[in-house]
Amino acid sequence: MYDFPRESTRITDKLNPQQKEAVTYGDGPLLIFAGAGSGKTRVITNRIAWLVSRGVHPAEILAITFTNKAANEMKDRLETLLGMVAQRMWVGTFHSMLLRILRRHAEELGFTPNFTILDTDDQQTLLKQLMKSLRIDEKALSVREAQSFISRHKNQLHWPEDIPSGNWSKYLYYNELIELYRAYLRALKEQNSMDFDDILLYSVRLFDDFPEVLDIYRKRFRHLLVDEYQDTNHAQYRVIQQLSGFHKNLTVVGDDDQSIYSFRGANHENILNFEQDFPNCHIIKLEQNYRSTGTILEAANAVIANNQARKEKELWTANVKGEPIQFYRANDQYDEARWVAKEIKRLSTRRENPIAPQEIGIMYRVNALSRNIESALREEGIPYHIYGGVGFYERKEIRDILAYLRLLISEEDRLAFQRVVNTPRRGIGDVTIDRVMDHATAEGKSPLDIAGRASQYPDLAYAASRLQAFAHLIRDMRESMQKDAKSFPEFLRYVAEESGLIPFWETELAKGSLEAESRLQNLEELRSDALEFEARQEEDMRLLTELAERFGDDGMNRVLFEDRHGEVAEGLTLTALTGAFLENTSLYTSADEEEMGGAVSLLTVHSAKGLEFDAAFVVGMEEGIFPGFRSHNSKSEMEEERRLAYVAITRARKHLYLSSARARLLYGRSSYNPVSQFLAEIPGDYIEELGGSRFGDGEYLKEEAGYPGTSFVEKRQWDNPTSSVGQAGTGLSGAIAAKENPFAKKHRPNINKNTMKTKRNLQELAIGTKVRHKRFGEGVLLKIEKLSHDAILSIDFSGKIKHMTAGMAKLDIVDKE
DNA sequence: GAGGAAGCCATTTTT
DNA sequence: TGGCTTCCTC
């Protein structure tokens, strides 16, 4: 067994010299190169704690992470280190932090503070509509293409008028695209919405155009810390520059070798240019790896050394050399999948040091590769969990009800109106909806306003009564929300009932629809999310009040109070809760998914970043897949693939398994792909080959190297890696897989790590059970109200009765003895 | 507006 | 291959 160091409560205790230097560095720009497994998170959190111990007020700290999950983990650690004052820091993603600021200054930008956030689907719907009205043929220019054009330019901070000309050759429809972009921005503003990219775009504009606003924040945040700096895009870079411009205390942490999101606009030049961008900066390299065996680490080093565009560094470890890496050259994808499943079975059931399923990860370059693995795992009876895929909040019924909420919060939200006006069906057809929208545009009114006065419009006569009924419905709901007499989950239930969504699915259920059953369950689950959300908000509010009382007025408390709940200083009204809930759901992504206990993880290499496994499998290590065939054209793309390989390899703590298949059926075609060139880059001492050579079956000739390491004799294969050869049988369909797999994906926001523990013990819970809560101490269970997947617990903490969801609450069962 | 046939398209996706 | 959208028919 290796000595994997444990958390220390003292701030600089047990840190290596570089870590210590990073934690205790004083003022000024600081760049920390943090290699894989080098204790990065610990360094950031301890640095924050150190700053606080040196007299920096917690409210003067802004820490930016890339996922909500990472932010929550950081907050938890900070709370352990610092106690409740940690509550007063701004820790979050770019989007969540900037959203707070944007809501407060929405008017400066021509929005109102209740603006809504559009997700990718909404964006596409809107673009589609605009393309239609601009008469842009979707066959000539796909919505996807248009969307990525706009997104790319927003990330570059290009407004339509800034877009440099000269890209004519690249886009056939250059003028149309710019016109579309302009129309899109206008449409968003008209309906008081922003998309994800807008959050950054408008923040930069706010700070540029209103220096007095920028001044508030850049003076306030004495220290700014940014994680995963290698994956920032240009807009994020600008925001960092703006916010750190006054105190110049900027700490960025990252690893250029792990930059894998350039397709999303991330620019790893940001980290490479940091020294020029922020003069007088100090650089620290964390090169000791605490995660992997020597073998795994050396292999990773050897692979990444083939990249040219990188900062020179060499990770080392004091860990044992460990087992050799296993490479399996399978005959086809079934063979490969079976090998993976058998090996997992062996690892998890062996007598000595068995590896728990949750400590095993299977990674692949493309999601499509998961299917064969899934069926092999099922055959072996190995529980698994697939990350990514259709998220909870992307499900139709959930989006429907959220769209109702959006409409309640912001009447201007046209997309929400269009989504729900005839959902469930109430006899309002597409033609009618179009007419309503046209009137709304012409008069500058909300579609809801038009609907409410439908009888005044001759062309709406046919559906007038139904439109007006809908407008009434929404008005009633809004009144109910403003009356503030319901709890948040009650209100959700009410909206789901009154809108007709629940009745609709219940009718379907009565007809025997299986689909309806899961839809209803999901709606129910949303309600239990809502309950937990409300409880958490109340808890936050209570904590802040307590903080204010305890610390008195140190000039920060009022600010803090407003920070946490925006303009909600009047308290947690139903309206405020609804707005906050919407925001939470729109910023929630699959990356925030909590790890699943007791199950093997299946995930793309991208989503594995930041995770680690005792045993890691990387399947589909083939030319054309990993590296992907699209990356053959450019060196920079090939280098990104190599970084991806580096990320994959460095996920492994003790065991690393790589595999490729001679023949692979993918997308309905069979192909014979050569072994990934990255395998040839791993020195022979570290690897053990099974079923064939990692140089392939003779298809390589070293001398002809066109790419670092290897090249191909069979040029044809290279050019066309998916040349059709034959057909084979098929695996189980995804739909069936999802149904049958008891561990199938289930999204829940912000689940605490103790969740599984409490959930598992749900059966053990009975009235009278003694439980312990992190904050409230010991309590006695008074009541259990069962939900579909969860239960609401009423607990008596020495007189104070609290209600919490079993799946969420940080509860331990106190032994009855 | 339901249902079925036909056509399309398929890296990666931190918000 | 298969999952999704779109288009057509009744």
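So that the names make sense, note that chain A is the first sequence line, chain B the second, and so on, each numbered from 1.
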Asks: Please report the distance, rounded to the nearest Å, between CD in A:Gln124 and C1' in B:dC9.
Replies: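 These atoms are roughly 14 Å apart.
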Asks: Relative to the 5' end of DNA chain B, which residue comes earlier, A:Thr67 or A:Glu640, by the nucleotide with the nearest heavy atom?
Replies: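 Comparing both residues, the 5'-ward one is A:Glu640.
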Asks: Would you say A:Arg643 reaches B:dT12's phosphate, i.e. side-chain N/O to OP1/OP2 under 4.0 Å?
Replies: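 No.
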Asks: When the distance from CG of A:Asp197 to C1' of B:dT14 is rounded to whole Å, what number comes out?
Replies: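 Distance, rounded to whole Å: 13 Å.
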Asks: Taking the minimum atom-to-atom distance to the side chain of A:Tyr667, which one of B:dA10, B:dA2, B:dT12 wins?
Replies: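 Nearest to the side chain of A:Tyr667 among the choices is B:dA10.
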Asks: Looking only at atom types and distance, does a side-chain atom of A:Glu228 sit under 3.5 Å from a main-chain N or O of A:Val253, one as donor and one as acceptor?
Replies: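 Not confirmed, A:Glu228 side chain does not pair with A:Val253 backbone.
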Asks: From the list B:dA2, B:dT13, B:dT14, which nucleotide is the closest neighbour of the side chain of A:Arg425?
Replies: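 Closest of the options to the side chain of A:Arg425: B:dA2.
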Asks: Give a yes/no on whether any side-chain N or O of A:Arg630 is located under 4.0 angstrom from OP1 or OP2 of B:dT11.
Replies: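 Yes, because at least one side-chain N or O of A:Arg630 sits under 4.0 Å from OP1 or OP2 of B:dT11.
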Asks: Quick one: A:Leu666 CG to B:dT11 P, roughly how many Å, whole number?
Replies: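 Value for this atom pair: 9 Å.
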Asks: With no hydrogens and no angle check, just 3.5 Å: does a side-chain donor-acceptor pair link A:Gln147 and A:Glu145?
Replies: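 No - no donor-acceptor pair under 3.5 Å links their side chains.
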Asks: Find the distance A:Tyr387:OH to B:dT13:P and express it as a whole number of Å.
Replies: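 A:Tyr387 atom OH is separated from B:dT13 atom P by 14 Å.
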Asks: In whole Å, I'd like the distance from the CE atom of A:Met363 to the P atom of B:dT13.
Replies: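 It works out to 14 Å between those atoms.
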Asks: OP1 or OP2 of B:dT13 less than 4.0 angstrom from a side-chain nitrogen or oxygen of A:Asn367, does that happen here?
Replies: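 Affirmative; the distance criterion is met.
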Asks: Just by distance, do the side chain of A:Arg291 and the backbone of A:Thr650 share a donor-acceptor pair under 3.5 Å?
Replies: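 Side chain of A:Arg291 to backbone of A:Thr650: a pair is present.
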Asks: Sub-3.5 Å donor-acceptor pair from the side chain of A:His268 to the main-chain atoms of A:Asp231, do we have one?
Replies: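 A pair under 3.5 Å: no.
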Asks: Return yes if some donor-acceptor pair links the side-chain N/O of A:Glu622 with the main-chain N/O of A:Ala661 below 3.5 Å, else return no.
Replies: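 Answer holds: yes.
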Asks: Anything under 30° is parallel, anything over 60° is perpendicular, the rest tilted; go ahead and classify A:His385 against A:Tyr387.
Replies: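 Aromatic pair A:His385/A:Tyr387 classed perpendicular.
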Asks: Are B:dT12 and A:Phe263 stacked, with the base six-membered ring and the side-chain ring centres under 5.5 Å apart and planes under 30°?
Replies: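 Base of B:dT12: stacked against A:Phe263.
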Asks: Between A:Asp332 and A:Arg664, does any NZ, NE, NH1 or NH2 come within less than 4.0 Å of an OD or OE carboxylate oxygen?
Replies: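 Not counted as a salt bridge, because no side-chain N and carboxylate O are separated by less than 4.0 Å.
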Asks: What does A:Ser607 touch in the nucleic acid at a heavy-atom separation under 4.0 angstrom: a base, only the sugar-phosphate, or nothing?
Replies: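 If one applies the 4.0 Å heavy-atom cut-off, A:Ser607 turns out to touch the sugar-phosphate alone, with no base involved.
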Asks: Just confirming the chi classification of B:dT11, syn or anti, using 90° around 0 as the syn window.
Replies: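 Chi for B:dT11 falls in the syn range.
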Asks: Checking contacts here: which listed nucleotide (B:dA2, B:dT14, B:dT13) is nearest the side-chain heavy atoms of A:His606?
Replies: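 Nearest nucleotide to the side chain: B:dT13.
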Asks: What is the separation between atom CG on A:Asp119 and atom C1' on B:dT13, rounded to the nearest whole Å?
Replies: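 Nearest whole value for this atom pair: 14 Å.
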Asks: What is the distance, to the nearest angstrom, from the CD1 atom on A:Ile625 to the P atom on B:dT12?
Replies: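 For the pair A:Ile625 CD1 and B:dT12 P, the rounded distance is 12 Å.
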Asks: Reckon A:Gln258 touches a base, only the sugar-phosphate, or nothing at all at heavy-atom distances under 4.0 Å?
Replies: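 Here A:Gln258 touches no strand at all.
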Asks: Between atom CG in A:Asn155 and atom C1' in B:dT13, what is the gap in whole Å?
Replies: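 My rounded result for the distance is 12 Å.
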Asks: Below 3.5 Å between N/O atoms, which protein atoms pair up with nucleotides 4-6 of chain C? Just atom names and distances, please.
Replies:
unit_1 : atom_1 : unit_2   : atom_2 : d
C:dT6  : OP1    : A:Lys128 : NZ     : 3.3

Asks: Using the side chain to side chain donor-acceptor pair (under 3.5 Å) definition, which of the options A:Thr116, A:Asn114, A:Asn192 pairs with A:Asp413?
Replies: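 That would be A:Thr116.
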